[in-house]
Amino acid sequence: MIIRALILALLCMSPISAETTDLTLINKLPQRVAEIKKECQKKWNSSNTHTMVEGSIEYDDKLVVILKELVRTYANKKFIKESDIDTYVQTLVTKIKFEQKLENPLGLDQGTLALHYLPNGLFVGLQNAIVLIVRGAVEYESSFNFDAWNKEWEQALNAGR
């Protein structure tokens with residue numbers, strides 16, 4: 001229910017004014033996320049489970065910051081608040097933990113692999129939420145090419161793989 005309400009909120013955002021919205025933040029997101037991934041990649045490549053998980057948590061935290069910046073900049077404050085992002089993240093965590101249980105119905109020990117499940121699942125949800133809010137924010141911006149932006153975003157997400 002909460003996820004559905006948040007997605008509806010993201011899709012129903014209205015531009016700040018009838019004038020063209022400043023899209024600087026959105027335009028810089030692909031490069032910004034590429035830089036964040038590059039920074040976290042050092043930890044992911046460490047071969048140390050604890051350090052790898054730290055890198056994923058750091059990545060998640062930075063995506064949450066981006067999501068809150070987008071809400072602060074582009075969302076109708078009466079409809080969606082920054083605190084709604086915290087609720088969304090907690091809902092994602094609950095969903096991911098439940099899915100982890102579904103994938104291991106016998107409750108077998110998953111070892112260190114289980115440590116990666118939550119942070120990795122969380123960043124997929126956060127990345128998707130960023131795309132939703134960007135799509136909602138630029139919907140009425142005829143000068144903005146969402147498809148080109150999304151392609152650049154996907155390339156940034158897939159860099160280093």
Side-chain angles (χ1 to χ4, degrees), residues 1-46 51-97 99 116-161:
M1 182 75 159
I2 293 173
I3 291 176
R4 197 175 309 156
L6 182 61
I7 291 172
L8 177 62
L10 294 171
L11 293 175
C12 293
M13 290 183 314
S14 61
I16 294 171
S17 68
E19 301 170 14
T20 302
T21 304
D22 180 2
L23 301 175
T24 304
L25 174 61
I26 289 173
N27 285 323
K28 291 182 178 181
L29 283 178
Q31 178 184 353
R32 187 172 168 193
V33 81
E35 290 168 3
I36 293 168
K37 282 195 75 176
K38 185 177 180 181
E39 187 179 307
C40 293
Q41 193 68 49
K42 296 172 190 168
K43 291 184 178 182
W44 293 331
N45 292 344
S46 71
T51 304
M52 293 166 73
V53 171
E54 271 183 0
S56 294
I57 291 170
E58 186 177 310
Y59 184 66
D60 290 343
D61 289 345
K62 290 181 180 189
L63 291 177
V64 169
V65 168
I66 289 171
L67 200 48
K68 286 183 177 185
E69 288 173 358
L70 288 166
V71 166
R72 206 171 26 250
T73 305
Y74 300 107
N76 179 330
K77 308 304 182 261
K78 294 177 185 172
F79 197 65
I80 185 170
K81 298 169 187 62
E82 228 178 288
S83 61
D84 293 336
I85 300 302
D86 297 324
T87 303
Y88 176 69
V89 170
Q90 190 54 51
T91 302
L92 272 178
V93 167
T94 302
K95 175 184 174 281
I96 292 163
K97 285 181 177 179
E99 289 171 350
H116 297 277
Y117 198 91
L118 179 61
N120 293 353
L122 188 56
F123 69 62
V124 169
L126 293 169
Q127 291 169 168
N128 291 337
I130 289 169
V131 171
L132 283 175
I133 196 166
V134 167
R135 181 182 292 136
V138 302
E139 184 175 4
Y140 301 105
E141 298 296 329
S142 59
S143 64
F144 189 85
N145 184 338
F146 177 79
D147 292 334
W149 177 90
N150 196 47
K151 183 178 179 182
E152 188 178 351
W153 172 256
E154 288 295 327
Q155 288 172 341
L157 294 179
N158 293 319
R161 283 189 180 178

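Just so you know, these numbers come straight off a predicted model, no measurement behind them.
- Note that NZ of Lys62 and SG of Cys40 are 5.5 Å apart. Values are rounded to the nearest 0.5 Å.
- At least one donor-acceptor pair closer than 3.5 Å links the side chain of Lys37 to the backbone N or O of Leu157.
- Partner Asn27 forms a side chain to side chain contact (heavy atoms under 4.5 Å, CB included) with one of Leu23, Leu25, Thr24, Leu29 and no other, that one being Leu23.
- Across Tyr74 and Asp22, no two heavy atoms sit closer than the pair OH-O, 2.8 Å.
- With Thr87 as the partner, the side chain to side chain contact (heavy atoms under 4.5 Å, CB included) test is satisfied by one option alone out of Ile85, Thr91, Val89: Thr91.
- One finds a salt bridge joining Glu69 and Arg32 here, because a Lys/Arg side-chain nitrogen approaches an Asp/Glu carboxylate oxygen to under 4.0 Å.
- For the residue pair Ile96 and Leu122, the shortest heavy atom distance occurs at CD1-N, 3.2 Å.
- Note that the CD atom of Glu39 and the CH2 atom of Trp44 stand 10.0 Å from one another [nearest 0.5 Å].
- Checking side-chain atoms of Asp60 against main-chain N and O of Phe123 turns up a donor-acceptor pair under 3.5 Å.
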Step by step, work out the side-chain hydrogen bond (donor to acceptor under 3.5 Å, both in side chains) result for Gln127 and Tyr59.
-> CA-CA 10 Å; Gln127 291 169 168; Tyr59 184 66; 2.6 Å; yes
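- Counting heavy-atom neighbours within 6.0 Å of Gln31 CD, excluding the residue itself, gives a total of 12 or less.
- Counting heavy atoms from C-beta outward, Lys43 and Val53 have side chains that stay 4.5 Å or more apart.
- Across all non-hydrogen atoms, the minimal contact from Pro30 to Ile26 is CD-O, 3.7 Å.
- Atom CD1 of residue Ile36 and atom CD of residue Glu58 lie 9.0 Å apart, to the nearest 0.5 angstrom.
- The nearest pair of heavy atoms linking Ala34 to Ala156 is CB-CB, 4.0 Å.
- At distances below 3.5 Å, not a single donor-acceptor pair connects side-chain atoms of Asn128 with backbone N or O atoms of Gly125.
- In terms of modelled atom types and a separation under 3.5 Å, the side chain of Asn150 and the main chain of Phe146 share no donor-acceptor contact.
- Trp153 contributes no side-chain N or O that, together with a main-chain N or O of Ile130, makes up a donor-acceptor pair within less than 3.5 Å.
- Within the 4.5 Å cutoff, the side chain of Ile66 has no heavy atoms near those of the Leu126 side chain.
- Judged as a ring-ring contact (aromatic ring centres under 6.0 Å, His included), not a single pair has a partner in residues 23-42 (not counting sequence neighbours).
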Check the pair Val71, Ile133 against side chain to side chain contact (heavy atoms under 4.5 Å, CB included), reporting the backbone distance first and the verdict last.
-> CA-CA 8 Å; Val71 166; Ile133 196 166; 3.5 Å; yes
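- Ion pairing between a basic and an acidic side chain is recognised when a charged N comes within 4.0 Å of a carboxylate O; Glu99 and Lys95 show such pairing.
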What do the steps show when you test Arg135 against Glu139 for salt bridge (charged side-chain N to carboxylate O under 4.0 Å, His left out), and what is the final call?
-> CA-CA 6 Å; Arg135 181 182 292 136; Glu139 184 175 4; over 6 Å; no
Output, in order, the C-alpha distance, side-chain angles, deciding distance and verdict of side chain to side chain contact (heavy atoms under 4.5 Å, CB included) for Asp86 and Lys68.
-> CA-CA 9 Å; Asp86 297 324; Lys68 286 183 177 185; 2.8 Å; yes
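- One N or O on the side chain of Thr94 and one on the backbone of Gln90 form a donor-acceptor pair closer than 3.5 Å.
- Rounded to the nearest 0.5 angstrom, Arg72 CZ and Lys81 NZ are separated by 15.0 Å.
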